[in-house]
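Residue numbers start from 1 in every chain, and the chains themselves are labelled A, B, ... in the order their sequence lines are given, proteins ahead of strands. FYI, side chains are in, hydrogens and waters are out, and symmetry mates aren't considered; it's all heavy atoms of this structure.
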There are 2 protein chains.
Amino acid sequence: MAFTIGEIGKATRTNIETVRYYERIGLLARPNRGANNYRSYGQDALDRLSFIRRSRDLGFSLEQVRALLGLSDDRTHDCAEVDRISKAHLVEVERKIEDLTVLGRELRAVIDSCDGGIVAHCRIIEALAPPER
Amino acid sequence: MAFTIGEIGKATRTNIETVRYYERIGLLARPNRGANNYRSYGQDALDRLSFIRRSRDLGFSLEQVRALLGLSDDRTHDCAEVDRISKAHLVEVERKIEDLTVLGRELRAVIDSCDGGIVAHCRIIEALAPPER
DNA sequence: ATAAACCCTGTAGGCACTACAGGGTCAAGA
DNA sequence: TCTTGACCCTGTAGTGCCTACAGGGTTTAT
C-alpha cells in the first residue's frame, strides 16, 4: 500500500530524479515522509504518475499534462477542453511529421548527390554552402 | 564588403543573439571590431553563417554542424565522413518520423473514442489513466 | 561488521537558443 | 543643436525536460 520512490519509479518506468523533479514543479503532491525522511507514496500517487507518464509518452508537454490532470480531477466537468487539448496536440504532431518528411526528402536528395570524391567536389558540402559566392 | 551583426543576421534570417551565441561557442570566429567596438564581418563570415543556418534547417545538431564545417575546410579530404554524418542524421530523422506516426495514430484513436460527455465518462482521460485501479 | 543498494538535499549541466538589464553609439529629423 | 529611435555592447539568467553529480544518511543482506 505504501511505496518508496524507487518502487513507483520502477512501476512507471520513471527515473527517480524525474519523480522528484515532478514534485518540485508541483505536478506531483509532496508525499508523506517516513521516520527516515524517505518519501512514502500511496496508490493515488502511483496512478497520477502513471497518468503523467502515459501522457508524456503520447507527447503532451508538461503544461498540457498539468491541464489534463486539472481537468481529470473535476469528474463532473464536461470534456470539451480535454478534447481541445488533445486535438491541438495532434495537429502539432502532424505538423512535425510533415516538417520531418520534407526535411528527410531534402536530406536524401543531398546525400544521393554525393558520389564519394574529395570534399572540394562534394555535393553535400556544396548543397549546404551558400548559393553564390 | 563589411557587415554589422544586424546585417548578417538579416541576410541569414538569424537572430542577433544567436550569432553572438555561435561566436561564444566557437562556431563563428571572433570578428574584427570597429572603433565603436561593433562587430565587423566579411563575406567569408556571412558564407559560414549561411552554411550553419542551412545545416540547422536540415536538422543537423550544432555538433554535427561543427564537424561538417571542419570537414568542409579541408578541401582535399575525401568526403566519406561527410556522407557518414549525413546518413546517420537521415536515419535519425526517419526514426523520428516513425515514432511520431505511431504516436499520432494512438492519439487519434484516443481522441476518436471521445463523444463529448463529462469528464467522468471521458474516454480520453480513461485512456490516459492507469489500466487498473 | 561491512558492503551494496537505496534514500536525502541542493546544485549544475545539456541543448539551442532567447530574453533581459544596463549600458554605449549613430543617423535622421525638428 | 538637440533629441528620438534604431542599432550595438557585455554579461547573466531563463526556457523545457530532464539528468547527473556531490556529499551525505539509512537499510538490507551476507
Side-chain angles (χ1 to χ4, degrees), chain A residues 2-28 30-41 45-46 49 51-69 85 88-89 92-93 96 99-100 103, chain B residues 2-28 30-41 45-46 48-49 51-69 88-89 92-93 96 99-100 103:
Chain A
F3 312 103
T4 65
I5 194 169
E7 285 162 353
I8 64 162
K10 189 165 280 181
T12 59
R13 285 180 302 285
T14 307
N15 200 320
I16 290 177
E17 324 259 26
T18 304
V19 178
R20 285 197 281 247
Y21 170 71
Y22 287 164
E23 177 183 330
R24 201 160 62 245
I25 64 171
L27 218 52
L28 285 175
R30 263 171 294 154
N32 295 328
R33 300 297 184 118
N36 50 16
N37 198 31
Y38 286 13
R39 289 171 178 80
S40 171
Y41 296 96
L46 200 148
L49 182 54
F51 186 103
I52 296 170
R53 286 301 308 188
R54 173 103 178 99
S55 304
R56 292 289 300 134
D57 284 349
L58 285 173
F60 286 97
S61 72
L62 287 184
E63 275 325 291
Q64 286 174 321
V65 174
R66 198 189 292 276
L68 289 173
L69 279 168
I85 293 175
H89 177 44
E92 260 303 287
V93 169
K96 262 188 210 157
D99 286 358
L100 283 174
L103 196 156
Chain B
F3 311 104
T4 65
I5 195 169
E7 285 162 354
I8 64 163
K10 189 165 280 181
T12 59
R13 285 179 302 284
T14 308
N15 199 321
I16 290 178
E17 324 260 28
T18 305
V19 178
R20 285 197 281 249
Y21 169 71
Y22 288 163
E23 178 183 329
R24 203 161 61 246
I25 65 170
L27 218 53
L28 285 175
R30 263 172 295 157
N32 295 329
R33 300 296 183 116
N36 50 16
N37 199 31
Y38 286 13
R39 288 171 178 79
S40 170
Y41 296 96
L46 199 149
R48 196 171 170 96
L49 182 53
F51 186 103
I52 296 171
R53 288 299 309 186
R54 173 103 179 100
S55 305
R56 292 288 301 135
D57 284 349
L58 286 173
F60 287 98
S61 72
L62 287 183
E63 274 327 292
Q64 287 174 320
V65 174
R66 199 188 291 276
L68 289 173
L69 279 168
H89 177 44
E92 261 302 288
V93 168
K96 264 187 209 157
D99 286 357
L100 283 174
L103 196 156

A.B. asks: Between P on dA16(C) and CG on Asn15(B), what's the gap in Å once rounded to a whole number?
C.D. replies: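 After rounding, the reported distance stands at 16 Å.
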A.B. asks: Just the rounded figure in Å: distance from C1' of dC7(C) to NZ of Lys10(A).
C.D. replies: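 About 14 Å, once rounded to whole Å.
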A.B. asks: Under 4.0 Å between a side-chain N or O of Thr18(A) and OP1 or OP2 of dT19(D)?
C.D. replies: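 So the side chain of Thr18(A) is within the cut-off, an N or O lying under 4.0 Å from OP1 or OP2 of dT19(D).
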A.B. asks: Rounded to whole Å, please give me the gap between CD1 in Ile8(A) and P in dC6(C).
C.D. replies: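 Result: 15 Å.
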A.B. asks: Can you tell me if the side-chain N/O atoms of Arg33(B) get under 4.0 Å from OP1 or OP2 in dT10(D)?
C.D. replies: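 Looking at the OP1 and OP2 atoms of dT10(D), one of them is under 4.0 Å from a side-chain N or O of Arg33(B).
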A.B. asks: Of all heavy-atom pairs between Leu100(B) and Lys96(A), which one has the smallest distance, and what is that distance?
C.D. replies: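 Closest pair (atom of Leu100(B), atom of Lys96(A), distance): CD1-CB, 3.7 Å.
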A.B. asks: Charged N to carboxylate O under 4.0 angstrom, Arg66(A) versus Glu63(A)?
C.D. replies: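 A salt bridge links Arg66(A) with Glu63(A).
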A.B. asks: Can you check the Leu62(A) CG to dT19(D) P distance for me, whole Å?
C.D. replies: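 Atom-to-atom, Leu62(A) to dT19(D), this comes out as 11 Å.
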A.B. asks: Under 4.0 Å between a side-chain nitrogen and a carboxylate oxygen: does that hold for Arg20(B) and Glu17(B)?
C.D. replies: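 Salt bridge present between Arg20(B) and Glu17(B).
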A.B. asks: Output the single nucleotide from dA16(C), dC8(C), dC18(D) whose closest atom is nearest the side chain of Ile5(A).
C.D. replies: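 Between dA16(C), dC8(C), dC18(D), the one nearest the side chain of Ile5(A) would be dC8(C).
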A.B. asks: Please give me the minimum heavy-atom distance between Pro31(A) and Ser40(A), naming the atom from each residue.
C.D. replies: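 That would be CB-O, 3.6 Å.
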A.B. asks: Just how far, in rounded Å, is P of dC8(D) from CD of Glu23(B)?
C.D. replies: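 The distance from CD of Glu23(B) to P of dC8(D) comes to 14 Å, rounded to the nearest Å.
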A.B. asks: By nearest heavy atom, map Ala35(A) and Arg53(A) onto DNA chain D; which one lands nearer the 5' end?
C.D. replies: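 Going by which nucleotide is closer to the 5' end, it is Arg53(A).
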A.B. asks: Heavy-atom count around Arg13(B) CZ within 6.0 Å, excluding the residue itself: above 12?
C.D. replies: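 Not more than 12 within 6.0 Å, no.
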A.B. asks: Excluding sequence neighbours, so at least two apart, what forms salt bridge (charged side-chain N to carboxylate O under 4.0 Å, His left out) with Arg56(A)?
C.D. replies: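 Salt bridge (charged side-chain N to carboxylate O under 4.0 Å, His left out) check on Arg56(A) returns nothing, list empty.
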A.B. asks: Which heavy-atom pair separates Ala45(B) from Leu28(B) by the least distance, and what is that distance?
C.D. replies: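 Taking Ala45(B) first and Leu28(B) second, the nearest heavy atoms are O-CD2, 4.3 Å.
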A.B. asks: OP1 or OP2 of dT18(C) versus the side-chain N and O atoms of Arg20(B): is any pair under 4.0 Å?
C.D. replies: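 No, because none of the side-chain N or O atoms of Arg20(B) sits under 4.0 Å from OP1 or OP2 of dT18(C).
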A.B. asks: Just how far, in rounded Å, is P of dC9(D) from CZ of Arg30(B)?
C.D. replies: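 Computing the Arg30(B):CZ to dC9(D):P distance gives 14 Å.
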A.B. asks: Nearest heavy atom decides the nucleotide; on that basis, is Ser61(B) or Asn36(A) closer to the 5' end of DNA chain C?
C.D. replies: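 Here Asn36(A) is the residue nearer the 5' end.
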A.B. asks: For dC17(C) and Tyr22(B) - does any side-chain N or O of the residue sit under 4.0 Å from the phosphate oxygens OP1/OP2?
C.D. replies: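 Tyr22(B) to dC17(C) OP1/OP2: side-chain N or O found under 4.0 Å.
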A.B. asks: CZ of Arg33(A): more than 12 outside heavy atoms within 6.0 angstrom?
C.D. replies: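 It does: Arg33(A) CZ has more than 12 such atoms within range.
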A.B. asks: How would you label the contact of Ile25(B) with the nucleic acid (heavy atoms, under 4.0 Å): base, sugar-phosphate, or nothing?
C.D. replies: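 No contact at all - Ile25(B) keeps every heavy atom at 4.0 Å or more from the nucleic acid.
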A.B. asks: Just call it for Arg39(A): base, sugar-phosphate, or nothing, with non-hydrogen atoms closer than 4.0 Å on any strand.
C.D. replies: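 Sugar-phosphate contact only.
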A.B. asks: In whole Å, I'd like the distance from the CZ atom of Phe3(A) to the C1' atom of dC6(C).
C.D. replies: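 Whole-Å distance recorded here is 17 Å.
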A.B. asks: Between atom CD1 in Ile52(A) and atom C1' in dC17(D), what is the gap in whole Å?
C.D. replies: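 One finds 13 Å between C1' of dC17(D) and CD1 of Ile52(A), rounded.
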A.B. asks: So Phe60(B), base contact, sugar-phosphate only, or nothing? Heavy-atom distance under 4.0 Å.
C.D. replies: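 Nothing: the residue Phe60(B), judged by heavy atoms under 4.0 Å, touches no strand.
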A.B. asks: Compare side-chain N and O positions of Arg24(B) against OP1 and OP2 of dG11(D) and report whether any pair is under 4.0 Å apart.
C.D. replies: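 Answer is no, no contact under 4.0 Å.
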A.B. asks: Between protein and nucleotides 22-24 of chain C, what N or O pairs are separated by less than 3.5 Å?
C.D. replies:
residue, atom, partner, partner atom, Å
dG24(C), N2, Tyr38(B), OH, 2.9

